[in-house]
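So that the names make sense, note that chain A is the first sequence line, chain B the second, and so on, each numbered from 1.
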Protein chains: 2
Amino acid sequence: MAGTSRRDRARRATLAEIREAVRRLLVAQGSTAVTINAVARELGMSGPALYHYFAGRDELVGAVTADFFAELTAAMEAARDACADDPPGRRLLAAARAMRRWAIAHPAEFQWIFASPLAEPGKEPPSRRVAAGRRFERVFLDLTVELWKARRFPVPDPADLAPSLLEQLRRYCTAIDEVLPPEAAHVMLTCWTRLYGLLCMEVLHQLDFAYSDMEPVFEECLREISARLGVDYSPPEPVRRRPPAPASDQDV
Amino acid sequence: MAGTSRRDRARRATLAEIREAVRRLLVAQGSTAVTINAVARELGMSGPALYHYFAGRDELVGAVTADFFAELTAAMEAARDACADDPPGRRLLAAARAMRRWAIAHPAEFQWIFASPLAEPGKEPPSRRVAAGRRFERVFLDLTVELWKARRFPVPDPADLAPSLLEQLRRYCTAIDEVLPPEAAHVMLTCWTRLYGLLCMEVLHQLDFAYSDMEPVFEECLREISARLGVDYSPPEPVRRRPPAPASDQDV
DNA sequence: TAAGCTTCCTTAGAGACATTAAGGAAACAT
DNA sequence: ATGTTTCCTTAATGTCTCTAAGGAAGCTTA
């Protein structure tokens with residue numbers, strides 16, 4: 001099917017060009033500038049041609065959003081694997097910092113991920129997006145599981161959790177193949193919510209009224225999470241000029 | 001100027017009708033359905049007529065967004081004042097719960113508040129929105145200040161804060177007329193970020209993968225915040241059938 | 001190699017939207 | 001009664017999404 005014939009290669013190249021154009025427009029002129037016509041113009045084609053590649057604007061936007069999600073996930077995975085021999089706590093910090101680094105470097109893209117212009121109330125997000133989301137969450141989850149296996153972090157007594165909460169946690173644990181018990185999943189979700197929530201607030205400029213540079217705020221959040229997960233907090237390496245090997249952990 | 005003549009009254013009535021129509025469309029059909037034409041149609045007028053009331057779509061959206069902000073703020077203030085004789089900790093809990101109640105009851109509106117369809121990167125939000133935002137933040141700030149005055153809550157040693165963070169906190173304290181010292185402002189902002197961040201995540205459906213009912217999660221967040229602010233956590237009253245006086249604290 | 005199928009792109013066009021311009025009619029002020 | 005202001009209308013421009021119909025080229029197969 002996805003052969004390597006002349007046409008197939010051309011098609012793939014065009015698809016890539018389209019995605020690049022979408023991104024270029026998004027970054028340069030905002031999400032409202034991402035129109036079928038503008039994208040086509042960017043490629044030197046005329047509007048309706050794009051319908052051979054995407055069923056409509058929504059599918060186009062959805063595909064690019066999934067790209068962004070994948071890129072963010074890849075950045076986190078790369079940061080995690082760049083220190084594969086460190087203890088899981090350090091790798092978790094590395095992945096979290098990579099997440100923020102990516103979000104800061106690509107604010108427009110990050111915004112599309114969680115406040116997608118498609119996400120109208122009552123409309124299910126496309127399955128592609130959901131899948132991309134799962135891979136994303138998985139990064140943090142996997143590291144937490146490693147942590148849990150290596151040296152269990154402190155968890156609350158399940159009896160202290162609200163019954164309805166416990167019920168939901170059980171369901172979630174089933175969904176993640178019981179890699180964690182509900183109490184541990186609860187700690188993990190709490191940490192994740194704080195981390196991701198803080199980043200969303202930053203990118204949506206909801207904290208501009210108080211902070212101009214969120215880096216120390218984010219680091220403090222990491223410190224709290226570290227304490228909660230029973231790992232040592234270690235501050236970020238100051239700059240890191242590219243080490244010998246040319247492995248970039250930033251832009252995928 | 002803003003007299004009470006026949007025409008002035010008519011104008012005010014039309015303005016109110018427009019805002020209602022915008023909201024109706026937003027709630028019923030999502031933000032993309034809020035078009036100048038659709039709003040005009042809703043009023044039985046034809047499109048360009050609206051330009052006598054608003055300079056353009058952006059100003060219309062901005063005005064309605066400010067309305068929403070004001071309504072949310074009013075709901076919080078009402079909840080706070082409904083138990084004016086309680087200690088500040090309880091009133092803070094009441095205001096926080098009112099915030100979530102409003103957000104849950106009006107998800108589309110709440111979403112417009114923090115992920116405004118106007119907020120393109122590089123575009124300043126209109127001053128109206130900024131002002132509405134200040135009043136909103138003020139509710140939580142004021143209660144925290146009361147708390148601080150009544151019985152100081154535990155704060156970190158300023159020397160333990162990152163220098164750049166301390167610097168930012170100082171600037172923020174200047175902006176709020178030094179009603180709190182930087183260390184206390186830091187605790188306040190941390191609590192606020194968690195609370196507001198969690199709510200944003202909920203409304204943006206970023207936690208659906210784990211939770212179907214966020215109420216206990218929110219309550220646990222409140223418990224943490226209470227501990228941090230040194231106040232007693234008290235669970236919400238179960239339902240509260242409207243007490244004698246017909247004062248609604250929900251829909252303004 | 002020639003006929004036929006597929007793919008890619010074009011132009012034309014319908015329908016919706018934001019916005020400006022020009023004009024009429026009613027309300028208001030003097 | 002006259003002139004001005006206000007409110008609304010229609011007309012028109014240029015944008016957008018998306019469908020339809022057709023041409024040209026690439027691929028397949030006999």
Hey, does A:Tyr53 reach any base, or is it just sugar-phosphate, or nothing, if we go heavy atoms under 4.0 Å?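 Sugar-phosphate contact only.
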
At under 4.0 Å between heavy atoms, what does A:Gly56 touch on the DNA or RNA strands: base, sugar-phosphate, or nothing? sugar-phosphate

Integer-rounded Å distance: [N] [atom2] and [X] [atom1]:
| X | N | atom1 | atom2 | answer |
| --- | --- | --- | --- | --- |
| B:Leu60 | C:dA18 | CG | P | 10 Å |
| A:Arg11 | C:dT6 | CZ | P | 15 Å |
| A:Arg9 | C:dT7 | CZ | P | 17 Å |
| A:Arg12 | C:dT7 | CZ | C1' | 15 Å |
| B:Ile36 | D:dG14 | CD1 | C1' | 16 Å |
| A:Glu17 | C:dC9 | CD | P | 10 Å |
| A:Ile18 | C:dC9 | CD1 | P | 8 Å |

For DNA chain D, whose closest nucleotide is more 5', that of B:Met45 or that of A:Thr35? B:Met45

Can you work out whether A:Arg41 or A:Pro48 has the more 5'-proximal nearest nucleotide on DNA chain D?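 Result: A:Arg41.
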
Between the base of D:dC8 and the side chain of B:His52, is there a donor and acceptor pair under 3.5 angstrom? yes

Taking OP1 and OP2 of [N], is either one under 4.0 Å from a side-chain nitrogen or oxygen of [X]?
| X | N | value |
| --- | --- | --- |
| B:Arg57 | C:dT19 | no |
| A:Ser46 | C:dT11 | yes |
| A:Asn37 | D:dT15 | no |

Less than 4.5 Å apart, side chain to side chain, heavy atoms only: is that true for B:Ser212 and A:Arg171? yes

Flag side-chain contact, heavy atom, 4.5 Å: B:Met188 against B:Tyr172: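 Yes, their side chains come closer than 4.5 Å.
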
Does [X] pair with [Y] as a salt bridge, N-O distance under 4.0 Å?
| X | Y | value |
| --- | --- | --- |
| A:Glu77 | A:Arg138 | no |
| B:Glu71 | B:Arg23 | yes |
| B:Arg100 | B:Glu215 | no |

Consider the side chain of A:Tyr51, meaning its heavy atoms from C-beta on, and name the nucleotide among D:dT17, D:dC8, C:dT10 that approaches it most closely. D:dT17

Both B:Ala55 and A:Leu50 contact DNA chain C. Taking the nearest nucleotide for each, which residue is further toward the 5' end?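 Looking at DNA chain C, the more 5' nearest nucleotide goes with A:Leu50.
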
